[in-house]
Novice: 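Sharing a structure here in structure tokens format.
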Amino acid sequence: MPSCPILYFVIPCYNEEVVLPITNALFLDKLTALIASGEIAEESRILFVDDGSRDKTWEIISNLHRQDAHFEGLKLSRNRGHQNALLAGLMTAKQYADVTVSIDCDGQDDIDAVSRMLHEYKSGAEIVYGVRAARDTDTKFKRNTAKGFYRLLRFLGAEVVFNHADYRLMSRRALEGLSEFHEVNLFLRGLIPLVGFKSSSVYYDRKERVAGESHYPLSKMLSLAFNGITSLSVRPLKMITGLGFFMSIVSLLAVIVTVIIKLVGYTVQGWTSLLCVIFLLGGIQIFCLGVIGEYIGKMYAETKSRPRYIVEEDTLQETKPTEDTAKK
Ligand code: UDP
Ligand code: MG
């Protein structure tokens, strides 16, 4: 483990033209302070990943690179979502850095926690999770849905670090491990514990966005949550089997009761109960088919194994030999 490692901040940005002009100074100040104190090497960089923004984000990143060589940029060919953009940045940084820190560009993650992360790294941790100590700045709704989501994931048997999003340090070794995972349905915070190695956590207070708005409306949060569940656990499928078994026993009892009533000769009424049973069973069956269908849909996407991101342009190429930039 180098005592003065090359650190790359990996920062995904999507339509962040109002945020980047404010937060870039935060990152640069931290980077230069760490270089000055000898904690990280002079070759350390801030790598912004433009996730197919439709505003001036890439222009801002290119300008920053021109002004200060510590800024680098990677532009994806289209919007692929936060998780893919982050992966693109990490896999690119892996070629240059000893250690990476992934962080959001909106100033919500406390940049000062990086010093403590580096300390853990130098004590032997290959992965250091940034864990939110307080969620006071999130809305009550977001706080509660997030809590419910972590509980649900745990219940379903998926290993996730509670209250950890994607603010984390990873060594090159851990990144090499991550590059072995080829799945298309990316849920990094569930995959990274599977990489293994010695890990550690540091705690920080999550702040409010410095400007702009969150790109995670409820629909995207739900889709990320669903991706998390289906890519980490097959327990919903097992639960369906259990439910099917339970319903079969109930049905068997119902058949026995019905036959007895018929034999006793008391078979006139029953329209309401009949319809209730039809609706209830129909609903359960369609729901279960839906869950199974979700898994089949995920398998469909996995078997095609399309590229998870395609790089359109980057500022790093000046310093390295050209390479196939479209990674699987
Ligand atoms: N982001 C991205 N691609 C997207 C959506 C978001 O790269 O499609 C980035 C965004 O620029 C930010 C980070 O992911 O740096 C987290 O997004 P945001 O702050 O909107 O989410 P929140 O913090 O509200 O969960
Ligand atoms: Mg944010």
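Being a predicted model, the structure only gives us computed values, none of them experimental. Just follow the structure's listing: the first ligand is 1, and inside any ligand the first atom is 1.
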Novice: Is the closest basic N to carboxylate O distance between D166 and R189 below 4.0 Å?
Specialist: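 Looking at D166 and R189, the cut-off is met.
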Novice: Using heavy-atom distances only, which candidate in L20, D51, V49 approaches atom 4 (C) of ligand 1 most closely?
Specialist: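 Result: the heavy atom closest to atom 4 (C) of ligand 1 is in D51.
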Novice: As an exercise, identify every atom of ligand 1 less than 4.0 angstrom from a heavy atom of K220.
Specialist: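 By the 4.0 Å cutoff, the relevant atoms are 5 (C), 8 (O).
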Novice: Can you report which non-hydrogen protein atom sits closest to atom 11 (O) of ligand 1, along with the distance?
Specialist: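 Nearest protein contact, heavy atoms only, for atom 11 (O) of ligand 1 is E16 OE2, 2.5 Å.
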Novice: Return the CG to CZ distance between L76 and R308, rounded to the nearest 0.5 Å.
Specialist: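 Spacing of CG (L76) from CZ (R308) equals 12.5 Å.
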Novice: Please list, in number order, the atoms of ligand 1 under 4.0 Å from a heavy atom of D106.
Specialist: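 Answer, ordered by atom number: 19 (O), 23 (O).
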Novice: Which protein non-hydrogen atom lies closest to atom 20 (O) of ligand 1, naming both residue and atom, and how far is it?
Specialist: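 Atom 20 (O) of ligand 1 sits closest to the protein heavy atom H215 N, 2.5 Å.
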Novice: Using a 4.0 Å heavy-atom threshold (strictly under), name the region of N79 that reaches ligand 1: side chain, backbone, both or neither.
Specialist: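 It is the side chain that touches ligand 1; the backbone stays farther off.
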Novice: Would you call R45 and E72 a salt bridge, using N to O less than 4.0 angstrom?
Specialist: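 Answer for the salt bridge query: yes.
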Novice: Which atoms from ligand 1 have a heavy atom of P12 less than 4.0 Å away?
Specialist: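 Ligand 1 atoms under the 4.0 Å threshold to P12: 7 (O), 9 (C), 10 (C), 11 (O), 12 (C), 15 (O).
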Novice: What protein N/O/S atoms sit under 2.8 Å from the Mg ion (ligand 2), by chain and number?
Specialist: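 Checking every protein N, O and S atom gives D106 OD2, Q108 OE1.
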Novice: Please answer whether the main-chain N or O of L188 pairs with a side-chain N or O of Q83 as donor and acceptor at a distance below 3.5 Å.
Specialist: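 Indeed, once roles are kept as given, a pair shorter than 3.5 Å links the two residues.
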Novice: How far apart are the C-alpha atoms of K198 and E126, what are their side-chain angles, what is the distance that settles it, and do they pass the salt bridge (charged side-chain N to carboxylate O under 4.0 Å, His left out) test?
Specialist: CA-CA 6 Å; K198 187 169 183 257; E126 304 276 351; over 6 Å; no
Novice: Please list the nearest protein heavy atom to atom 16 (C) of ligand 1 with its residue and the distance rounded to 0.1 Å.
Specialist: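 Its nearest protein heavy-atom neighbour is D104 OD2, 3.4 Å.
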Novice: Near H82, which atoms of ligand 1 are under 4.0 Å from a heavy atom of that residue?
Specialist: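 Taking each heavy atom of H82 in turn, ligand 1 has 1 (N), 2 (C), 3 (N), 4 (C), 7 (O), 8 (O), 9 (C), 13 (C), 14 (O) under 4.0 Å.
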Novice: If you have a sec, work out which protein heavy atom is nearest atom 21 (O) of ligand 1 and how many Å separate them, to one decimal?
Specialist: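 Result for atom 21 (O) of ligand 1: Y216 CD1, 3.2 Å.
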Novice: Any cation-pi pair here, K304 with Y300, using under 6.0 Å and within 45°?
Specialist: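 Yes; both conditions hold, so K304 lies above the ring face of Y300.
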Novice: Tell me yes or no: between the side chains of S53 and K75, is some donor less than 3.5 Å from an acceptor?
Specialist: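 No, no side-chain donor-acceptor contact under 3.5 Å.
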Novice: Just grab all the salt bridge (charged side-chain N to carboxylate O under 4.0 Å, His left out) pairs involving residues 96-110, residues at least two apart or on different chains.
Specialist: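 For residues 96-110, and leaving out neighbouring residues, the salt bridge (charged side-chain N to carboxylate O under 4.0 Å, His left out) pairs sorted by first residue read D98-R172, D106-R209, D109-R206, D110-K207.
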Novice: For atom 18 (P) of ligand 1, what's the nearest protein heavy atom and its distance?
Specialist: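 Scanning the protein heavy atoms, the shortest distance from atom 18 (P) of ligand 1 goes to R209 NH2, 3.5 Å.
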Novice: Kindly write out the residues that satisfy ring-ring contact (aromatic ring centres under 6.0 Å, His included) with F71, not counting sequence neighbours, or none if the list is empty.
Specialist: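 ring-ring contact (aromatic ring centres under 6.0 Å, His included) check on F71 returns F48.
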Novice: So, is A85 polar-close to ligand 1, with some N/O to N/O distance under 3.5 Å?
Specialist: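 N/O-N/O distance below 3.5 Å does not exist for this pair.
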Novice: Taking only heavy atoms of S214, which atoms of ligand 1 are found under 4.0 Å from at least one of them?
Specialist: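 Reading through ligand 1 atom by atom, the close ones are 20 (O), 21 (O), 22 (P), 24 (O).
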Novice: Which option, E213, Q83, Q108, owns the non-hydrogen atom nearest atom 23 (O) of ligand 1?
Specialist: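 Checking each option, the heavy atom nearest atom 23 (O) of ligand 1 is found in Q108.
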Novice: Side chains of residues 235-246: which donor-acceptor pairs under 3.5 Å do they make with residues two or more places apart or in other chains?
Specialist:
| from | atom 1 | to | atom 2 | distance (Å) |
| --- | --- | --- | --- | --- |
| R235 | NH1 | F155 | O | 2.4 |
| T241 | OG1 | L237 | O | 3.0 |

Novice: Under a 4.0 Å heavy-atom limit, does R206 contact ligand 1 with its side chain, its backbone, both, or neither?
Specialist: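 Under 4.0 Å from ligand 1, R206 contributes side-chain atoms alone.
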Novice: Please give me the minimum heavy-atom distance between V195 and A174, naming the atom from each residue.
Specialist: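 Heavy atoms of V195 and A174 come nearest at CG1-O, 3.7 Å.
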Novice: Quick check: does any side chain N or O of H164 sit under 3.5 Å from a backbone N or O of G130, one acting as donor and the other as acceptor?
Specialist: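 Yes, H164 side chain to G130 backbone: donor-acceptor pair under 3.5 Å.
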Novice: Could you measure the distance from the OG1 atom of T23 to the CD1 atom of I46? Nearest 0.5 Å is fine.
Specialist: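 Going from the OG1 atom of T23 to the CD1 atom of I46 covers 10.0 Å.
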Novice: Checking a contact table here: which protein heavy atom is nearest atom 25 (O) of ligand 1, and how many Å away?
Specialist: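 Checking every protein heavy atom, the shortest distance to atom 25 (O) of ligand 1 gives K142 NZ, 3.3 Å.
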Novice: Is it true that a side-chain atom of S44 and a backbone atom of I40 form a donor plus acceptor pair closer than 3.5 Å?
Specialist: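 No, because the side chain of S44 does not come within donor-acceptor range (under 3.5 Å) of the backbone of I40.
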